[in-house]
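Below: one structure, written as structure tokens.
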Amino acid sequence: MAQRKANAEAGKRKAATAKGAANDAAPPKDRRRERGEASIQRIIDATIELIAEEGLASVTMQRIAEHVGSSNALVVFHFRSKENLFRAVLQYLSDQYDALWLTLVRAPGLSPAERALGAVDCAQRFARQHPQWVSVFVVFSSDRKSMQIYNEIGLPSDLAYTAEARDLLTQIAHGGGYTGVDIHTLSESLNYLVHGAWYWDHLNPSSRDTDVLRKTMLLLLHQAFPRHFELR
């Protein structure tokens, strides 16, 4: 009897120790922080919807609060001002594009030509999957008041993508023995195509489901590097 009792006590101590170790390995989640982050994301999503649908002029903190179904005080609590909220929106969209770029362009083991194709796919996939995001980019970059925010947050990333694409094209030219290719003009042309297509898609949403952007970019790449890019 005494032995069984001792064994039971030992089992309890072992279970308590195991539970304590599990708690140490996986600390409880901060529910308040999670709720705060979810609230911030809902506000950002609501702001994206309003800007994409109506532009910047009519977007106010009160309208955003009504759109998300919260109080104006909560929006102010999280962002303090509309400018801070706009900055958060643009940073969020820039981060999403960067994440897609990392997946399609910087994945390990890709050749320069495959990375260049990834850049092509990145531009089209982003626009097709998230047309509202593209519309917000267009609005920010074309509105005089918000252009400063875009120049601080969006433009550096755009320039970095163009520079990376130019480096890829240089690698393809050197590796493939191509001569006489104007790499700078080619990379800038591809950049113009992307931004022009995004602007046109914003004005004419029915064009979003076409392959014109991808086909045109591939046509330019094929003309410069025919052995590396097929027209399909």
Side-chain angles (χ1 to χ4, degrees), residues 48 52 89-142 147 150-232:
I48 289 171
V89 165
L90 193 53
Q91 187 62 61
Y92 171 74
L93 296 182
S94 295
D95 290 344
Q96 300 312 301
Y97 192 84
D98 192 53
L100 186 60
W101 183 276
L102 287 172
T103 300
L104 298 178
V105 181
R106 299 179 188 163
L110 297 180
S111 67
E114 289 170 333
R115 293 183 190 278
L117 286 175
V120 172
D121 291 337
C122 186
Q124 179 158 323
R125 187 180 303 186
F126 191 83
R128 280 190 172 181
Q129 294 179 349
H130 308 287
Q132 285 189 332
W133 293 2
V134 169
S135 291
V136 172
F137 268 130
V138 171
V139 170
F140 268 105
S141 61
S142 58
M147 193 173 293
Y150 173 79
N151 287 343
E152 293 176 10
I153 298 175
L155 183 58
S157 295
D158 289 342
L159 294 175
Y161 297 137
T162 302
E164 188 170 347
R166 185 163 54 247
D167 182 61
L168 290 173
L169 298 179
T170 300
Q171 292 179 46
I172 295 169
H174 289 169
Y178 296 100
T179 59
V181 179
D182 187 342
I183 298 297
H184 175 75
T185 298
L186 178 58
S187 61
E188 288 297 329
S189 298
L190 295 172
N191 183 46
Y192 290 168
L193 280 172
V194 172
H195 286 86
W198 283 12
Y199 185 80
W200 179 242
D201 288 348
H202 172 70
L203 297 178
N204 181 33
S206 63
S207 66
R208 287 172 177 152
D209 294 330
T210 70
D211 284 328
V212 172
L213 173 59
R214 190 175 193 279
K215 288 180 178 179
T216 306
M217 295 176 80
L218 283 176
L219 179 61
L220 287 178
L221 291 171
H222 174 73
Q223 289 178 339
F225 312 113
R227 297 191 307 277
H228 287 72
F229 297 96
E230 298 178 1
L231 295 178
R232 60 182 188 278

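A donor-acceptor distance shorter than 3.5 angstrom exists from the side chain of Gln124 to the backbone of Arg214, with no hydrogens or angles considered. With His222 contributing its side chain and Phe229 its backbone, the two residues share a donor-acceptor pair below 3.5 Å. A donor-acceptor pair under 3.5 Å is absent between the side-chain atoms of Arg166 and the main chain of Ser187, judged by distance alone. Without hydrogens or angle criteria, Tyr161 side chain to Ala119 main chain gives no donor-acceptor distance under 3.5 Å.
Among residues two or more places apart in sequence or in another chain, the side-chain contact (heavy atoms from CB on, under 4.5 Å) test is passed with Thr210 by Val212.
Counting heavy atoms from C-beta outward, Gln171 and Leu168 have side chains that approach closer than 4.5 Å. For the pair Leu221 and Leu169, the minimum side-chain heavy-atom distance is below 4.5 Å. Considering only heavy atoms from C-beta on, Lys215 stays 4.5 Å or farther from Leu219 through its side chain. Using a 4.5 Å heavy-atom cutoff, the side chains of Tyr150 and Ser142 are not in contact.
Expressed to the nearest 0.5 Å, how far CG of Leu186 lies from OG1 of Thr170 amounts to 9.5 Å. Here the CD1 atom belonging to Ile153 is positioned 5.0 Å from the CG atom belonging to Leu90, to the nearest 0.5 angstrom. Summarising the geometry, atom OG1 belonging to Thr162 is positioned 7.0 Å from atom NE2 belonging to His195; distances are rounded to the nearest 0.5 Å. Rounded to the nearest 0.5 Å, atoms CD (Glu230) and CG (Leu117) are 10.0 Å apart. Ser157 OG to Gln91 CD: the interatomic distance, rounded to the nearest 0.5 Å, is 7.5 Å. The CG atom of Leu100 sits 7.5 Å away from atom NE2 of His130, with the distance rounded to the nearest 0.5 Å.
Summarising the geometry of Gln96 relative to Phe126, their closest heavy-atom pair is C-CE1, 4.1 Å, with the distance given to 0.1 Å. Contact between Leu93 and Ile48 at its shortest, heavy atoms only, is CD2-CD1, 3.7 Å. Residues Asn151 and Pro156 share a closest heavy-atom pair of O-CD, 3.2 Å. Residues His228 and Ala113 come closest through the heavy atom pair CD2-CB, 4.2 Å. Leu110 and Leu104 get closest at one heavy-atom pair: CD1-O, 3.6 Å. When all heavy atoms are compared, the tightest approach of Ile172 to Ala116 is CD1-CB, 4.2 Å.
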* What's the verdict on ring-ring contact (aromatic ring centres under 6.0 Å, His included) for Tyr97 and Phe137, showing C-alpha distance, side-chain angles and the deciding distance? -> CA-CA 11 Å; Tyr97 192 84; Phe137 268 130; 7.2 Å; no
Report, one line per pair, each donor and acceptor closer than 3.5 Å where one atom sits in a side chain of residues 196-203; sequence neighbours left out.
| unit_1 | atom_1 | unit_2 | atom_2 | d |
| --- | --- | --- | --- | --- |
| Trp198 | NE1 | Ala123 | O | 3.3 |
| Asp201 | OD1 | Ser207 | OG | 2.7 |
| His202 | ND1 | Ser135 | OG | 3.0 |

